[in-house]
*Asks:* 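The structure follows.
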Amino acid sequence: MLSRKASCDSHGQDSSYFLGWQEYEKNPYDQVKNPNGIIQMGLAENQLSFDRIESWLASNPDALELKRNRESVFRELALFQDYNGFPAFKNEMVEFMANMRGNKVKFDPSKLVLTAGSTSANETLMFCLADPGEAFLLPIPYYPGFDRDLKWRTGVEIVPIKCTSENGYKITESALQEAYQQAQKFNLKVKGVLVTNPSNPLGTTMTRLELNHLIDFAMEKEIHIISDEIYSGTVFNSPSFISIAEALTERNLEDDEVWNRCHIVYSLSKDLGLPGFRVGMIYSNNQTVVSAATKMSSFGLVSSQTQYTLSQMLKDKKFTANYMKENQRRLKRRKEMLVCGLKGAGIRCLESNAGLFCWVDMRHLLRSNTFEAEKELWKKVVCEFGLNISPGSSCHCSEPGWFRMCFANMSEETLMVAMQRVKALVDSTIVHQQTGLSKSRWLKSKWVFQLASYEREPDR
Amino acid sequence: MGFTLSNQQQLLSKMATGDGHGENSPYFDGWKAYDSDPFHPTKNPNGVIQMGLRENEMCFDLIQEWVLNNPEASICTAAGVNEFKDIAIFQDYHGLPEFRNAVTNFMGRVRGNRVTFDADRIVMSGGATGAHETIAFCLADPGDAFLVPVPYYPGFDRDLGWRTGVQLIPVACDSSNNFEVTRAALEAAYEKAQKANIRVKGLLITNPSNPLGTVLDRDTLRSSVTFINEKKIHLVCDEIYAATVFSQPSFISIAEIIEENIGCNRNLIHIVYSLSKDMGFPGFRVGIVYSYNDAVVNCARKMSSFGLVSTQTQHLIASMLSDNEFVERFIAQSAKRLKTRHMRFTMELAQVGTSCLKSNGGLFVWMDLRRLLKEQTFEAEMELWRTIIHEVKLNVSPGSSFHCPEPGWFRVCFANMDDKTMEVALTRIRTFVLQDKEAIVPRKSNRLWKATLGSAFQSRRMDDNMMSPCMMSPHTPIPQSPLVRAT
C-alpha cells in the first residue's frame, strides 16, 4: 500500500544511534526532578554560549521584533518566499563563512543556496550529483544521519573509506583507492567523496596532506568532493581549520575542472547553536548545481522570519567575532573537562581539536573484541549507568569499542555527574572482570596490557 | 570554464540537468517578465502587475496588530527572549506541542468546528510544496502515478513528480459542466493508466480548487471516496485554500466526509495543508501533512527532517493560532475582504464582456478569454498571453500551464495587491478588452456597445452568446457557452 521507501528501514532510524535517544526520552536526566535519569551524551549540540546570543537579542529590539528603522517588516517577510533567499542574509552569511576561514577565501552569495538545515543540503546535493544506484565514498566512522540524508530517498549508495585508529583515522591515498575499487567490484559508479571536516564523530580537522590527497584523487577520478564543514566554527585548538576552498585556492586550481566539482555544506546548527531554526546551505562553484539545488530548495526553504533575524545578528561583526572567540574558549574548556574526567577513569580519547564531542576508546572494557560486545557494553552504559552515548558501530566504525560522547549540550554540573557515572561503570567492569570465572585473569592482563600500550603510543 | 552541456550531463544527476523542475513552463515566464519590470505605483507605474501570484495580502493589518500586541510571541523580543534558548535548540521533528495544538485548533475552526483534528497526526513540512513531495515519497514508487483532475496547479508536476519519479495522469474536466470532477472521468483516467500498465497509487484533489476557485460538493467528495476505496488507492486532499471560501456553497473538508462514511478505509486518506494561503504567510514555510494512516504519519515525520518548520516560526504561530478570539475574527474578516475584492473584480470584468467561472473561494478567478483567441488553439492562447504580459503588462497565468484541455482560460489573482493597484489592473484589462473589440469591429459605436453590455452583465456568469454577434471577430468561431458541451 505504501511506497518501498515508507516500508523499508533505510531511513536508518532503527540504528542504536537513535535508539539511545529514545531511551533518553523515556527517562531524561534532570538535576532536580530526575537525578537518576539518563544523561544525554548522544546529542551533538552546542548549548554553551546562548547567554551571549540572548543578551544581544535583548539589546537589539528593532531587528528582532521584525522591524527595520522601527517600521514593521512583518508583511514583507511573511510574503517573502523567493528561493534565492533573503539577499541581506546571504550577504552576511558569506562574510561570516569567510571570517571563519581567516578570510583566506572569499565567497560569492550568488553561489550560496539556502536549505532547511544541513540535513536537507546533503540530500539535495545527492539528488543533484548522483542518480539512483550510484555511489559516494565516505570515510568511516561517519555521522549516522548520513545513511538517511544521503541514501534514503535518493537511492544513492555509500561505500566506506576505511580509516582506523592505527594512524589516528587519517584518510590515506591507499584507503581512497581501495574504496573506489570496492565500489567498482559492486558495479557502483562512484560520483564523489563526501568528507566531514572537522569530523563528526572524531572531532579532528583534516590536515593539508589529507586535503591534497583528496583533491588529487578527485582530479584523477574526475569525481566530486563534498566537504561538510558544519563544525568549522567549533575548532578550539591547533591545528587550525583548513577549508577545502582554501586547499584548492592554495594550489591555484580555480581554473581546473575540479573547482566546479567541489561543494561545501554549512549550517548554523552547530557553530551558532541554533538547530531549531533550520538554517543550512550549499556553496558550489558549479552553476548548474546552484541552479538545480536552488529549485530543489523549494522543498525546504529557510523561514524568512529566521533569515531576517539572523541577518541582523550577523551584521553585527563585533558581536560575531566575540561570540566565536568566547564560544571556542568555552568548548575547549569543556572538552578538557571531559577528557580529564575520562582519564581519571582510565579511559582515553582520540586527540581532537574541534567539534562538540570526543571519540572515546573503551575497547579495554569490552568482553571481547566484537561488535556484539560493544553493543552489550553500550546497553549497560545506557540502561545501568544512565549515559546515552553513541556506539562506534552506529557510526560505521570498523573497530569495536569506540564511542562518541558529547560534552557541549549540558551544564558543567551534569558533566560532573556523567564523569562520576563513567568511573562507576569502569569500576564495575573491573570488578566484574576480576570476579569473573575462568576468563578473569586473562581479561585482567589483557586490560592492563591495553592500558600500558596506550602509555606508549604517541599522541596524534 | 568551458563546460559543455554534455560534460554537465555526465557529471551531474539526470535530475539536475533535466527540466523536471518544470520551471521552463510558461507559468514561470510571466513571473520572469514581472521580475524584470515590476509594477510600482510611483516608481514604475507602467510596470507589469503581478496577477500570477496567488498570495493573500488582504489581512496583514490584523496580523500586524496582533504581533504588536503580543511581543512575547516573538522569542526575539524582550518579552519573549527567555524562551529563546529552548526554542532555538528544539529540533524534534514532532514539532513543538503547542504548535501542533494551535494548528489543529485553527484547522478545526476553519471548518466551522464541524470536525476536530488530532495533534499527533500533524507532520511538518517545508510548505505545501514539501508536504506534497513527502506524501508522494510515502505513497508511491518511481513510475507509479497519481490521478489529478485538470486544470491543476502547475507546481504539482514538480512537487509530486520531480524527485520522486511519480507521474501525474490527468482526469478530464472541462467547461461543459463547470469543470466538475465526474465519476466517469475518474474511471476513464484509471482505465487509461491500466491500459498503459501504469500503477495508479492515488487521486489528488485540490479543494477549494486552484485555479478554479470552486469548492467540491458533497456528492463529488463522496463519489471520490467511494472510487478510491473501490480501487484501493489513496486520496490526497490539498485543502490549502480552505479559509478563503467567502460565500456559499460552504467548504466541505474530506475530514467531514470520512466522519459520515463508516465504510471508508481511513488508511487511504491524507490531507495537505499550509498557512501560506489562509493566513498569507508563504515566507514562513509552514506546511502540514495530516494523515489518517499511522504508517504514513511515521514515515512522513521521519522525512520531515528534510523540511522542518523553524522553531522561531512554530513559536510565533503557536501563540497566534491559539488566540481563539483573534482566529475567529481573522477568518471572518479575511473571507469578507476576499468576497468584496472578488465581487468588484468579476463585476468590472463582466462590464466589459469578460466572464469568469463562477467561484466562491481561492485568491483568483478563472477568466474566460476564449472569445479573444484568434483561433481555438493553444498557440493562439500563448499569443494572447504574451500580449497580455508585454503590452497590457499584467502577469496572468495561461490555462495551458494548468493542463487545461480548452484554450482561452486564464487564472487571474486578485488578493496579492492593494485596492489602488487592483484598479490600475482593472483599467488595463478594460482598455485591452475594449481595444480588442474595437479593433475587431471599428464601425460599432460605443453607445450601442454599452447598451448591449447593460443586458449582458445581469448574470455574473456571462454567456457570450448574449452579446451582440457583431462584437465578435469574424475569425472567431461562436464561443461556447459554459452551458453548452464542448465539441
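Quick note on labels: first sequence line is chain A, next is B, and so on, each numbered from 1.
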*Asks:* How about A:Arg153 and B:Thr134: do any of their side-chain heavy atoms sit closer than 4.5 Å?
*Replies:* yes
*Asks:* Is any side-chain heavy atom of A:Gln305 closer than 4.5 Å to a side-chain heavy atom of B:Ile317?
*Replies:* no
*Asks:* For the atom pair OG (B:Ser305) and CH2 (A:Trp152), what is the distance rounded to the nearest 0.5 Å?
*Replies:* 8.0 Å
*Asks:* Counting heavy-atom pairs under 4.5 Å with chain B, which one of A:Ser3, A:Ala292, A:Ala116 comes out on top?
*Replies:* A:Ser3
*Asks:* How far does CE of B:Met303 sit from OG1 of A:Thr119, to the nearest 0.5 angstrom?
*Replies:* 14.0 Å
*Asks:* Measure distances from B:Lys201 to the heavy atoms of chain A and classify the residue's part below 4.5 Å as side chain, backbone, both or neither.
*Replies:* side chain
*Asks:* About how many Å separate CZ of B:Phe281 and CG of A:Leu77, when rounded to the nearest 0.5 Å?
*Replies:* 11.0 Å
*Asks:* Chain A heavy atoms under 4.5 Å from B:Asp159: which part of the residue, side chain, backbone, both or neither?
*Replies:* both
*Asks:* With only heavy atoms counted, which part of B:Leu268 is less than 4.5 Å from chain A, the side chain, the backbone, both or neither?
*Replies:* side chain
*Asks:* Could you tell me which portion of B:Ala295 (side chain, backbone, both or neither) has an atom closer than 4.5 angstrom to a non-hydrogen atom of chain A?
*Replies:* both
*Asks:* With chain A, which of B:Cys138, B:Cys299, B:Gly130 has the greatest number of heavy-atom pairs at distances under 4.5 Å?
*Replies:* B:Cys138
*Asks:* Under 4.5 Å heavy-atom distance to chain B, tell me which part of A:Asp149 shows up: side chain, backbone, both or neither.
*Replies:* both
*Asks:* Please report the C-alpha distance between A:Thr124 and B:Arg163 in whole Å, then the side-chain angles of each, then the deciding distance to 0.1 Å, and finally whether the side chain to side chain contact (heavy atoms under 4.5 Å, CB included) criterion is met.
*Replies:* CA-CA 10 Å; A:Thr124 296; B:Arg163 307 192 305 181; 3.9 Å; yes
*Asks:* Heavy atoms only, distances under 4.5 angstrom: which of A:Glu123, A:Glu76, A:Met126 has the most pairs with chain B? Name it, please.
*Replies:* A:Glu123
*Asks:* Side chain, backbone, both or neither: which part of B:Val309 has a non-hydrogen atom closer than 4.5 Å to chain A?
*Replies:* backbone
*Asks:* What part of B:His234 is in contact with chain A, defined as an atom under 4.5 angstrom from a non-hydrogen atom: side chain, backbone, both or neither?
*Replies:* side chain
*Asks:* Quick check: are there more than 12 heavy atoms from other residues, nucleotides or ligands sitting under 6.0 Å from NZ of A:Lys315?
*Replies:* no
*Asks:* Name the member of B:Gly126, B:Gly202, B:Gly283 that forms the most heavy-atom pairs with chain A at distances under 4.5 Å.
*Replies:* B:Gly283
*Asks:* Heavy-atom pairs under 4.5 Å with chain B - which of A:Glu134, A:Gln307, A:Met296, A:His224 has more of them than the others?
*Replies:* A:Met296
*Asks:* Give the C-alpha distance, both sets of side-chain angles, the deciding distance and a yes or no for side chain to side chain donor-acceptor pair (under 3.5 Å) between A:Thr309 and B:Gln312.
*Replies:* CA-CA 10 Å; A:Thr309 300; B:Gln312 184 189 13; 2.9 Å; yes
*Asks:* How are the rings of A:Phe74 and B:Phe284 set to each other: parallel, tilted or perpendicular (split at 30° and 60°)?
*Replies:* perpendicular
*Asks:* Quick one: pull up CZ in A:Phe299 and CZ in B:Arg158 and give me the separation to the nearest 0.5 Å.
*Replies:* 5.5 Å
*Asks:* Among A:Ser304, A:Ser303, A:Gly300, A:Ser297, which residue has the highest count of heavy-atom pairs closer than 4.5 Å to chain B?
*Replies:* A:Ser303
*Asks:* Output the distance between atom CG (A:Leu274) and atom OG1 (B:Thr311), rounded to the nearest 0.5 Å.
*Replies:* 8.5 Å
